[in-house]
Each structure stands twice: as structure tokens, then as C-alpha cells.
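What follows is a short report on a single structure.
Counting begins at 1 with the first residue of the sequence.
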Amino acid sequence: SKDGGKTWSSFTTVAQAISAIDPGNIRSGPLPTAEIDGSGKVYVVWEDCRFEKKCSANDLVMSTSSDGKTWSSVQRIPADPVGSGVDHFIPGLGVDKTTSGSSAHLALMYYYYANVNCTVSTCQLFVGFISSTNGGASWSKKEQIAGPMHLKWLAQAFGYFVGDYISTSFAANGEAFSVFAVATAPKNGVFNEAMYTTPEHALQVTGGTITSQGDAVLSTQGTAFVRHSAF
């Protein structure tokens, strides 16, 4: 839409999302997070397992468009190497609207398991962050923002629950902030889970040299343990 939502274009499929079901009965899924830069370019990020052998874990992937009609090929965001066994999910993308194109600043928060081969009793949940200063061509080394958290510390709502979404936004001065759930061990049967941000120190959008260039699609078909959707 170019008129504030009064009229809309016909729909366009960005990509087929192929995502592994995250272990530990955590409430998650390949829900997209989308932002726009100063030139009007749209960035969409979601969790996807196409770059992992047998869809063994979820990476974060991205597609972009300058007109909403033609979208770039799906690229993997290199938070961890392919085959690392790290499972990434529930991303929250922020884009600095004072930047654009090849110098666009991207800030990406997400949750992850350090080891995808885990159960309700053994999964360790973290909050991670990476950034790009060149529109996603390359990325910084990931940072651990919070965790580890045990799943049984989390409230349940159709699974252990940190929220369906996570938020990341840029302030007018170019600093990035995010809002995310963090839990500690319950006390006397009462949960201690709340929403947090990074008020004292904004997320440092430094970018970096880590790329996913050369990564190949390894999984194109699902199994009984893989979800498929399109958006």
C-alpha cells in the first residue's frame, strides 16, 4: 500500500518457509519480522531450516524487496555456522530508517538453544543479537544478551512461552533497543518472568565481516517433523 492502507496491491509470495519444530515444547514458529529502510526497501526475516542437513535446526534467513513485488533469494543470516547444532527462533528485526541500501543498519534480536538436541529438562534458552551496517551483506559476531534459561522457568500457554514476537527498534540517534522476555528460577511456586530491555547500554550496531556466501540449500522437502508455510 502507498496510501496508508486505503488500497492494496495483489499479494505476492515472498518465499516458502521450511522450519523445523523447535524442541522442548517451546511456543515458536516461522513467523516473519519485517522492517523498512529509508529508501523504502523491505527486509523480512524468519526462522528456516533449508540450509541445514535434514532440516536438523533452524537458522534465521532473510529476503528483501525494493518494490514489494520482486523479492531476493533467501539468504542465511550467519549467527552461527551451518551444522553448529544451534537452533534459532523468534527473531525481531530493527532497521534504522535514517540509513538505506548498502549502508542500511540492521539490528536483529532472537532466541536460541545452544544445542538443538535437547528436551524440556535439558534445553538452555538464550537471547542473542547480531547486527549489520551494510544492508545484511555481512554481519557482526553474535552476542549473548540473556540466558541461559531453563524451560520450566517459563509460563505455559500452548507450550513454554516467551511471546510469539520480539521487538527491536532504532531511536532517533541511531541507537537500537529491544524488548524481550527473561526468566529466572521460580520462588515458592511463583514464576519470575518479565520483559526486559537494555536501557543502560543500547545495542551496539557495529556490523562485521561474517557472511553466508556460498551456503547451499540442503533441505527442500519436509518430514513429519517439519512445518511448511508461505508468506
Of all heavy-atom pairs between M62 and W139, which one has the smallest distance, and what is that distance?
CE-CZ2, 4.3 Å
So Q124 and H150, do their side chains get closer than 4.5 Å, heavy atoms only?
yes
Distance-only, no hydrogens or angles: does the T33 side chain make a donor-acceptor pair with backbone N or O of L93 under 3.5 Å?
yes
Is there a donor-acceptor pair closer than 3.5 Å between any side-chain N or O of S178 and the backbone N or O of S167?
yes
Minimum heavy-atom distance K97-I36, with the two atoms named
CG-O, 3.4 Å
Given 3.5 Å as the limit, does a donor-acceptor pair link the side chain of T64 with the main chain of V42, or not?
no
Under a 4.5 Å cut-off applied to non-hydrogen side-chain atoms, are E193 and V162 in contact?
yes
For Y43 and D37, which I'm curious about, is there any donor-acceptor pair between the side chains at under 3.5 Å?
yes
Beyond-backbone contact of F170 with V205, side-chain heavy atoms, under 4.5 angstrom
yes
Does the D67 side chain pair with the main chain of K69, one donor and one acceptor, at a distance under 3.5 Å?
yes
Kindly determine whether L125 and Y113 satisfy side chain to side chain contact (heavy atoms under 4.5 Å, CB included), including the steps that lead there.
CA-CA 5 Å; L125 180 66; Y113 290 139; 4.1 Å; yes
For the student: nearest non-hydrogen atoms of V86 and A114, plus distance:
CG2-O, 3.6 Å
Can you tell me if T184 and N192 form a side-chain donor-acceptor pair at under 3.5 Å?
yes
Under 3.5 Å, side chain of N115 to main-chain N/O of C118, donor-acceptor pair present?
no
What I'd like to find out is whether the side chain of F129 reaches to under 4.5 Å of the side chain of S140, using heavy atoms alone.
no
State, with a plain yes or no, whether a side-chain heavy atom of S102 is found less than 4.5 Å away from one of N134.
no
Ignoring hydrogens and geometry, is there a side-chain-to-backbone donor-acceptor pair from E47 to S28 under 3.5 Å?
no
Do you know the tightest heavy-atom contact between C123 and L151?
CB-CD1, 3.7 Å
If only atom types and distance count, is the side chain of S138 paired as donor or acceptor with the main-chain N or O of T211 below 3.5 Å?
no
Check step by step if side chain to side chain contact (heavy atoms under 4.5 Å, CB included) holds for L106 and V45.
CA-CA 11 Å; L106 281 59; V45 173; over 6 Å; no
Side-chain contact, heavy-atom cut-off 4.5 Å: V127 with M149?
yes
With a 3.5 Å distance limit and no angle check, can you tell me whether T99 reaches the backbone of H105 through a side-chain donor-acceptor pair?
yes
N58 side chain to D87 main-chain N or O, any donor-acceptor pair under 3.5 Å?
no
Could you go step by step and tell me if S56 and V116 meet the side chain to side chain contact (heavy atoms under 4.5 Å, CB included) rule?
CA-CA 8 Å; S56 57; V116 69; 5.6 Å; no
Which heavy-atom pair separates I26 from Y160 by the least distance, and what is that distance?
CG1-O, 3.3 Å
Evaluation steps, side chain to side chain contact (heavy atoms under 4.5 Å, CB included), between S131 and T133
CA-CA 7 Å; S131 67; T133 57; 5.6 Å; no
Does some side-chain heavy atom of W71 sit less than 4.5 Å from a side-chain heavy atom of V44?
yes
Geometric cation-pi criterion K142 and Y112, 6.0 Å radius, 45° cone
yes
With distance as the sole test, does S212 use its side chain to make a donor-acceptor pair with the main-chain N or O of I77 at under 3.5 Å?
no
In terms of heavy-atom contacts, I145 and F180 come closest through CG2-CZ, 3.7 Å
Walk me through whether D48 and R50 qualify under salt bridge (Lys or Arg N to Asp or Glu O under 4.0 Å).
CA-CA 6 Å; D48 195 286; R50 73 185 65 205; 2.9 Å; yes
State, yes or no, whether a side-chain contact exists between L218 and E52 at a heavy-atom distance under 4.5 Å.
no
CD1 of I130 to NZ of K141, rounded to nearest 0.5 Å, is 13.0 Å
